[in-house]
*Asks:* 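The following block contains the structure, expressed as structure tokens.
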Amino acid sequence: MNPTPSQTVGPFYGYALPFPGGGDIALGGIAVHGYVYDGAGDPVPDALLEFWQADENGELRGAPGSLRRDPTNGAVLGRNGVVFTGFGRVGTDQDGHWALRTVRPGNGYISVCVFARGLLHHLYTRIYFGQDPFLDSVPAERRHTLLAEQERDGVYRFDIHLQGEKETVFLDFG
């Protein structure tokens, strides 16, 4: 039997997937924001981004119940809403913009999964905050697409280009 073929995703994200405060992984740390662009350089207004990261000490354990949310309004269920979970989910706005509030990860990067219209499979990338041994394996002319740009103290920008000349480096875990 052949596997079921992939189908184009979305945009079906308006109900139940994004949730209030989905970009608030941890307060009082850093802010990371950016835009998602398609191959023509136009903003993608209906992408969904998921983030996973280590805490300030580099621990990846997270907290139990990090995905327990009310299915109607997205309110946090089963935990106090303050414990670090390492998980966030945000949609892009009409301008393709997204934002995240978190702590600087102790292992140096935030993992990102991108879901967007026209993608047959979601895409994985990382947001790095400085040099890392993994970056040495990426061609020098493409490394900058994985590095967050510091705009001011505690605020970083990371744009995601799905295709084209400025395409972000995407990772294959297959």
*Asks:* Go through Ile160 and Leu123 one step at a time and tell me if the side chain to side chain contact (heavy atoms under 4.5 Å, CB included) criterion holds.
*Replies:* CA-CA 11 Å; Ile160 298 170; Leu123 302 172; over 6 Å; no
*Asks:* Can you see which heavy atom on Gln53 is nearest to which on Val103, and at what distance?
*Replies:* NE2-O, 3.0 Å
*Asks:* Report the distance from atom OG1 of Thr125 to atom CD1 of Ile110, rounding to the nearest 0.5 Å.
*Replies:* 11.5 Å
*Asks:* Among residues at least two apart in sequence or on other chains, which ones pass side chain to side chain contact (heavy atoms under 4.5 Å, CB included) with Leu135?
*Replies:* Tyr128, Gln131, Asp132, Arg143, Leu146, Leu147
*Asks:* To check you understand the geometry: which heavy-atom pair defines the closest contact between Gly91 and Trp98, and what is its length?
*Replies:* O-CB, 4.3 Å
*Asks:* Which side-chain N or O atoms in residues 27-39 pair as donor and acceptor under 3.5 Å with protein atoms at least two apart or in another chain?
*Replies:*
residue: His33; atom: ND1; partner: His97; partner atom: NE2; Å: 2.9
residue: His33; atom: NE2; partner: Glu151; partner atom: OE1; Å: 2.8
residue: Asp38; atom: OD1; partner: Ala40; partner atom: N; Å: 3.0
residue: Asp38; atom: OD1; partner: Gly41; partner atom: N; Å: 3.1
residue: Asp38; atom: OD1; partner: Asp42; partner atom: N; Å: 2.9

*Asks:* For Tyr109 versus Asn107, what's the shortest heavy-atom pair and its separation?
*Replies:* O-OD1, 3.3 Å
*Asks:* Donor-acceptor pair, distance only, cut-off 3.5 Å: does the side chain of Asn57 make one with the backbone of Glu59?
*Replies:* no
*Asks:* Looking only at heavy atoms, which two atoms of Ala116 and Val44 are closest? And how far apart?
*Replies:* CB-CG1, 4.3 Å
*Asks:* First locate atom CZ of Arg89, then atom CZ of Phe115, and finally report the distance between them rounded to the nearest 0.5 Å.
*Replies:* 7.5 Å
*Asks:* Can you tell if the side chain of Trp52 reaches within under 4.5 Å of the side chain of Leu60, non-hydrogen atoms only?
*Replies:* no
*Asks:* Measuring from atom CG of Leu100 to atom CG of Leu49, what distance do you get when rounded to the nearest 0.5 angstrom?
*Replies:* 9.5 Å
*Asks:* Which heavy-atom pair separates Val90 from Gly22 by the least distance, and what is that distance?
*Replies:* CG1-C, 3.8 Å
*Asks:* If you measure from CG on Asp159 to CD1 on Ile127, what distance do you get to the nearest 0.5 Å?
*Replies:* 10.5 Å
*Asks:* May I have the list of side-chain donor-acceptor pairs in residues 163-171 shorter than 3.5 Å, sequence neighbours left out?
*Replies:*
residue: Thr168; atom: OG1; partner: His161; partner atom: N; Å: 2.9

*Asks:* At their closest point, which heavy atom of Phe134 faces which heavy atom of Ser137, and how far apart are they?
*Replies:* O-OG, 2.6 Å
